[in-house]
Amino acid sequence: MQHENTHITSYRAHGVILVLLLFLTAITITVTWFDAGSLSVGVAMFVASIKASLVLLYFMHLKFDQLVFKVFAAVAFLLLAVVFIITFFDYLFR
Amino acid sequence: MTSNNSALHPGSYLDQQGKYKGILGWLTSTDHKRIGILYLMCILVFFLVGVTLGGVMKLELLRPGEQYIDAQTYNGFFTVHGVIMIFMVVIPGLAAVFGNFFLPIMIGAKDVAFPRLNLFSWYIYLVGSGIAVLSQFGGNGAPDTGWTFYAPYSIDSNTNVTTAVLAAFVLGFSSILTGLNFIVTIHRMRAKGMTWFKMPLFPWSLYATAWIQVLATPIVGITLLMVIAERTFRIGFFDPSLGGDPILYQHLFWIYSHPAVYIMILPAMGVVTEIIPTFCQRKVFGYQAIVLSSLAIAGVGYLVWGHHMFTSGMSDFSRMAFSFLTFVVAIPSAIKVFNWIATMYKGSIRINTTFLYTLSFVFQFMIGGLTGLTLGSLATNIHVHDTYYVVAHFHYIVFGGMGFAFFAAIHYWFPKMFGRMYNEKLGKIGWAIVFSGFTLLYFPMFVLGLQGMPRRYFDYLPEYSVGHFISSIGGFVLIFGIIIMVFNLIRSARKGELAPANPWDGKTLEWTIASPPPLENFDNDVVVTEHPYDYK
Ligand SMILES: [Cu+2]
């Protein structure tokens with residue numbers, strides 16, 4: 001199989017993403033200093049999903065890929081989100 | 001069998017290919033058909049090991065009291081029986097054997113998308129299985145947690161739980177890679193003219209299955225790693241004494257293990273959907289309904305895992321939601337049963353061994369499915385939870401369903417795979433014994449369960465004696481039947497009558513090529529114009 005539309009991302013763009021990821025990691029660590037109860041889990045998950053999306057979109061080139069792959073990736077993450085929500089519903093109502 | 005066939009069918013996949021002869025030629029071949037046969041051999045061996053363990057348990061349960069094995073050995077036996085049968089036999093089962101062998105042929109391709117990855121998956125399977133077998137020996141004895149590895153006992157048990165869990169983890173990779181391979185194969189390798197809705201239904205069921213394999217297996221992988229981390233480093237994920245939550249383990253485990261039921265049953269449904277039109281010479285009834293119900297089962301089946309946890313202390317809201325969703329997933333399953341029956345209606349049905357196994361599949365799958373609703377409704381579940389009723393139910397689905405579909409598939413495609421016909425008379429005798437043995441073995445368990453017999457005990461009170469006695473006798477009958485069936489197949493593979501290209505008058509692409517198929521399946525590129533089940 002050959003690549004019809006190979007996209008080459010510049011070092012600069014990669015660098016920016018790297019800085020962003022490090023910044024978000026710093027947020028995750030900072031949050032653990034405060035006791036926000038069950039909210040801290042939510043914040044940690046939210047930050048983690050942003051980081052995962054950045055890695056997928058830029059480092060793994062999903063942003064420049066065909067639509068079908070974007071849909072597949074989106075479905076997988078949607079399913080994961082649904083599974084998380086259903087599981088946490090149990091904790092919410094227990 | 002190689003030498004036998006090569007003289008008669010030059011150029012078949014059974015002949016030497018590549019630079020190595022004999023066994024080495026098989027172990028290095030990336031031909032999807034050979035890899036399918038490799039899986040078949042392994043799965044047959046592990047199946048017989050699992051059957052033997054089950055047989056010994058039945059021997060112990062023949063009479064009340066301790067006869068041959070003590071309680072701890074029995075715990076090891078049911079755990080190992082479960083691990084082998086679930087992770088090494090039924091989950092890879094149909095997809096790895098018949099999916100590998102027939103998926104590329106049925107969609108008109110020369111191989112799967114990633115042939116080397118395919119062979120690599122088999123090696124991973126072998127490594128995982130090796131670790132599973134190792135877990136039975138040495139250390140502090142065979143794992144005794146049951147195949148579900150429930151925490152906190154799986155954290156505290158000092159038997160070889162870590163090794164068994166590691167085996168399941170490794171086997172998961174094999175499953176994920178096979179699923180990935182099939183998804184890409186179906187998307188990219190279909191023959192010219194084979195649109196999505198001209199694809200036969202076995203490939204469709206494999207497609208739905210492959211998505212579950214790819215999306216669900218990683219969750220159990222992580223969960224099993226968490227168990228290992230907790231056992232080794234005392235990190236408190238699941239054990240309450242370490243600050244963990246045991247119900248979280250059950251959530252994570254069943255998020256995979258319920259969809260795993262569909263990993264095994266969806267291809268079984270696919271096989272049956274191939275066989276019924278062929279043996280009735282009728283167009284399959286409701287092609288699109290079957291496709292959509294496969295996808296619906298894969299989708300909704302992902303969201304029902306909590307029905308295994310009704311008595312675990314989960315919240316009431318979740319219990320009601322999971323019970324509701326469980327009833328919803330029964331609908332697409334029932335649609336399929338109606339499709340099969342409607343396909344048979346007014347068909348010119350030929351009853352042979354293959355079709356008898358297929359009919360018993362439908363019959364037993366219905367019993368398994370309907371008793372699943374008893375378990376899926378909250379009130380009745382509490383009465384029969386963790387009793388023999390559950391054991392009977394899932395053996396009706398896993399063995400009566402997936403197992404019988406496997407037997408049907410091996411008979412149906414036997415002429416294609418080995419180029420020879422099986423012995424019909426012996427096949428029918430084998431079926432009759434297998435079917436009666438199965439019913440005698442598992443049906444009394446429903447009654448025992450309703451009477452309150454708990455699962456996973458090596459002994460029982462006197463009032464359960466009759467049920468256990470009948471069940472054990474059934475177990476021995478079943479083993480005898482399996483021996484006859486396996487004997488018939490092995491003998492026929494070497495000495496059976498030569499098979500024509502299309503012994504059953506099938507319409508799908510595998511019947512258009514020689515038996516056994518040539519190395520790259522098709523001489524020319526395939527162009528598909530017809531619907532797969534156009535009979536008259
Ligand atoms: Cu389930």
Side-chain angles (χ1 to χ4, degrees), chain A residues 1-6 28-29 31-57 59-62 64-94, chain B residues 113-114 176 179-180 183-189 196 207-208 210-220 222-223 245-256 258-259 295 298-310 312-322 324-326:
Chain A
M1 245 183 291
Q2 67 168 53
H3 286 260
E4 295 95 3
N5 44 356
T6 316
T28 311
I29 295 169
V31 169
T32 57
W33 294 344
F34 310 99
D35 187 16
S38 60
L39 209 66
S40 57
V41 177
V43 175
M45 299 285 277
F46 182 68
V47 175
S49 16
I50 297 177
K51 281 159 71 182
S53 322
L54 284 175
V55 171
L56 278 167
L57 286 173
F59 289 170
M60 299 178 78
H61 280 222
L62 198 61
F64 317 106
D65 243 323
Q66 291 169 30
L67 183 68
V68 60
F69 297 121
K70 288 181 189 167
V71 171
F72 282 179
V75 166
F77 277 92
L78 201 73
L79 190 67
L80 192 64
V82 169
V83 164
F84 268 105
I85 290 167
I86 295 181
T87 306
F88 279 99
F89 253 99
D90 173 29
Y91 286 85
L92 222 59
F93 287 94
R94 209 188 283 168
Chain B
F114 308 117
I176 293 171
L180 185 70
I183 291 175
V184 180
T185 306
I186 291 172
H187 271 272
R188 308 295 304 233
M189 313 277 286
W196 282 96
Y207 184 70
W211 274 108
I212 310 178
Q213 285 177 294
V214 170
L215 292 179
T217 317
I219 295 179
V220 80
I222 295 292
T223 312
D245 175 12
I247 301 181
L248 178 65
Y249 175 82
Q250 298 191 16
H251 272 299
L252 291 171
F253 181 79
W254 289 113
I255 287 173
Y256 166 73
H258 183 82
L295 297 175
V300 183
Y302 214 106
L303 310 174
V304 301
W305 73 83
H307 62 213
H308 297 269
M309 305 161 56
F310 286 158
S312 70
M314 192 171 52
S315 73
D316 286 347
F317 176 82
S318 298
R319 296 201 299 160
M320 286 187 279
F322 280 124
F324 172 75
L325 287 167
T326 302

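Residue numbering restarts at 1 for every chain, and letters A, B, ... go by the order of the sequence lines. Computed from a prediction, not measured in an experiment: that's the story for all the values here. Computation of the quantities below employed the complete heavy-atom set of this structure, encompassing side-chain atoms and omitting hydrogens, waters and symmetry-equivalent molecules.
- In this structure, chain A has heavy atoms under 4.5 Å from both the backbone and the side chain of B:S315.
- Side-chain contact between A:F93 and B:M320 is absent, with no heavy atoms from C-beta onward closer than 4.5 Å.
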### Query
Does the pair A:T87 and B:W305 meet the rule for a side chain to side chain contact (heavy atoms under 4.5 Å, CB included), with working shown?
CA-CA 10 Å; A:T87 306; B:W305 73 83; 3.5 Å; yes

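- The aromatic rings of B:W211 and A:F72 stand perpendicular to each other, their planes meeting at an angle above 60°, with 30° marking the opposite boundary.
- Crowding of A:F59 atom CZ: a count of heavy atoms from other residues, nucleotides or ligands under 6.0 Å exceeding 12.
- Ranking B:I255, B:I247, B:L303, B:V214 against chain A, the residue ahead of the rest is B:I247, based on heavy-atom pairs under 4.5 Å.
- A heavy-atom distance below 4.5 Å is found between the side chains of B:Y302 and A:V83.
- Note that CG of B:L248 is 7.5 Å distant from CZ of A:F88, once rounded to the nearest 0.5 Å.
- The CG atom of A:L92 sits 9.5 Å away from the CZ atom of B:F317 when rounded to the nearest 0.5 Å.
- The residue among B:I219, B:D245, B:I183, B:L252 with the most heavy atom pairs within less than 4.5 Å of chain A is B:D245.
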